[in-house]
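Please read the structure below before turning to the comments.
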2 protein chains.
Amino acid sequence: MKRDSRLSGVLHVLLHMAEVDGPVTSETMAQAMSTNPAVIRRIMAGLREAGFVRSEKGHGGGWTIARNLAAITLRDVYVALGTPELFAMGNRTEAPGCLVEQAVNAALDGAFREAEALLLDRFGAVTLAELSADFHARMVASGKTIDLETVHAV
Amino acid sequence: MKRDSRLSGVLHVLLHMAEVDGPVTSETMAQAMSTNPAVIRRIMAGLREAGFVRSEKGHGGGWTIARNLAAITLRDVYVALGTPELFAMGNRTEAPGCLVEQAVNAALDGAFREAEALLLDRFGAVTLAELSADFHARMVASGKTIDLETVHAV
DNA sequence: CATCACGTAACATCATATGATACATGAAAC
DNA sequence: GTTTCATGTATCATATGATGTTACGTGATG
């Protein structure tokens, strides 16, 4: 199974946006993440609908963060993406007639539900502001400059 | 991503084996799970190496459980499968040079590690004997007979 | 009105779990 | 001993879903 990296990707993009003053175009983000502008737009669509970011067309257009980073948790972002599947494992058959499979499903489902609750709880406890602060701490520790990281090398 | 259903499948097979006296062939299991014998053998290979089941070739051959069900936890089975990936989400880039991505990865990894620990803990707390007991309880509750379920309808 | 950038659909690609086939090996039955 | 059965395993086919790509429409700026 190919692992879904949209959450990772969109968080990356958001933190980069936070470092820049004006709007950032999909094109710029795509280069930074070595992917395609259409991919960026696709991922950001949910965030726009959720009101976390704004997009403007035309000259000087692009994406801007529309809310304070301290008011956005990882869980908010996850939900804005459409709550993608968290687990790589699932039941062979949902709603099976076989009682054995029902027993198996019940046991596995219980464990996965607990794990999901824990994940969402942890996601809900981390704001983008905290992530950004962590980033800045790493930057100080590494001695690198904002610009280098913002431009993402290239 | 397609979800991995090997754990679900192998548990299903094991509980069915527990209901039968003699060895069960891959062919029989495959029919019960509407899949292919080779798939069964592939899944069971890890369990055989771990010593949880035994396989015999030739006439009257097939698979038998080699250990008390109370001595096998879901975690044991999961590990015998080769500890397949639990999560459907991953980092866009492991070991990134970008400090932003490092901060993002650190946050996500922490949450996923906690969730993994919880899952393994829950898996380790459930034995196949308990699962089997749950199955029997469901059977009593439903009024069905062992044979019907064992043969898996067809 | 030409250019820029998003919005979105449609299609291609790639990775991976699963399904299917084939053949070798070993054990039991005859 | 030869046939039959069943596993062991490699190899290939298929299906699914995330991601990459292209194309074109829309609206805003200069």
Side-chain angles (χ1 to χ4, degrees), chain A residues 1-10 12-13 17 20 22-50 53-64 66 81-94, chain B residues 1-10 12-13 17 20 22-50 53-64 66 81-94:
Chain A
M1 151 217 330
K2 202 171 201 172
R3 305 175 76 190
D4 183 339
S5 63
R6 279 178 296 169
L7 181 57
S8 167
V10 77
H12 187 177
V13 164
M17 285 171 65
V20 180
V24 182
T25 67
S26 308
E27 175 68 31
T28 301
M29 298 190 212
Q31 284 184 350
M33 301 185 47
S34 55
T35 181
N36 199 288
V39 174
I40 300 289
R41 296 192 191 109
R42 188 157 53 195
I43 294 180
M44 300 286 283
L47 296 194
R48 184 186 57 234
E49 286 157 24
V53 297
R54 210 181 0 249
S55 64
E56 303 287 348
K57 294 180 177 178
H59 280 273
W63 300 83
T64 43
L81 286 179
T83 61
E85 178 59 47
L86 290 170
F87 301 106
M89 307 187 46
N91 295 324
R92 223 177 46 81
T93 307
E94 303 294 341
Chain B
M1 141 211 338
K2 201 172 203 171
R3 303 175 77 190
D4 183 340
S5 64
R6 280 177 296 168
L7 181 58
S8 167
V10 76
H12 186 178
V13 164
M17 285 172 65
V20 181
V24 182
T25 68
S26 308
E27 175 68 31
T28 301
M29 299 190 212
Q31 283 183 350
M33 301 186 46
S34 56
T35 180
N36 197 289
V39 174
I40 300 290
R41 296 191 191 111
R42 189 159 52 195
I43 294 179
M44 300 287 283
L47 295 195
R48 183 187 57 235
E49 286 157 23
V53 298
R54 208 180 1 247
S55 64
E56 303 286 349
K57 294 180 176 178
H59 280 273
W63 300 82
T64 43
L81 286 179
T83 61
E85 179 58 48
L86 290 170
F87 301 106
M89 309 187 45
N91 294 324
R92 222 178 46 81
T93 307
E94 302 295 340

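In what follows, every chain begins at residue 1, and chains take the letters A, B, ... in the order their sequences are listed.
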Heavy atoms from C-beta onward define the side chain here; which of [options] lies closest to that of [X]?
| X | options | result |
| --- | --- | --- |
| A:Thr25 | D:dA10, C:dG19, C:dC6 | C:dC6 |
| A:Asn36 | D:dT19, C:dT18, D:dT22 | D:dT22 |
| A:Thr35 | C:dG7, D:dG20, C:dT18 | D:dG20 |
| B:Ser5 | C:dA20, C:dT18, D:dT21 | C:dT18 |

Verify the distance criterion only: is there a donor paired with an acceptor across the side chains of B:Thr28 and B:Thr25 at less than 3.5 Å?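 There is such a pair between these side chains.
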Grab the two heavy atoms, one from [X] and one from [Y], that are nearest each other, plus how far apart they are.
| X | Y | value |
| --- | --- | --- |
| B:Ala88 | A:Phe87 | CB-O, 3.4 Å |
| B:Met89 | A:Arg3 | O-NH2, 3.0 Å |
| A:Pro84 | A:Asp4 | CB-OD2, 3.6 Å |

Please determine if a side-chain N or O atom of [X] lies less than 4.0 Å away from the OP1 or OP2 oxygen of [N].
| X | N | result |
| --- | --- | --- |
| A:Arg41 | C:dT8 | no |
| B:Arg48 | D:dT9 | yes |
| B:Ser26 | D:dA6 | no |
| A:Ser55 | C:dA5 | no |

Give A:Arg54 one of three labels, base, sugar-phosphate or nothing, depending on what nucleic acid heavy atoms sit under 4.0 Å from its own. nothing
Using a heavy-atom cut-off of under 4.0 Å over every strand shown, decide if A:Arg42 touches base, sugar-phosphate, or nothing.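 Result for A:Arg42 = base.
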Give me the distances for all protein-to-nucleotides 27-30 of chain D N/O pairs that come in under 3.5 Å?
unit_1 : atom_1 : unit_2  : atom_2 : d
D:dG27 : N2     : A:Gly58 : N      : 3.1

Just so I know, are the side chains of B:Arg42 and B:Arg6 near enough to count as touching, which here means a heavy-atom distance under 4.5 Å?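 Result no, sub-4.5 Å side-chain heavy-atom pair not found.
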Quick one: on DNA chain D, does A:Ala38 or A:Arg6 contact a more 5' nucleotide (nearest heavy atom)? A:Arg6
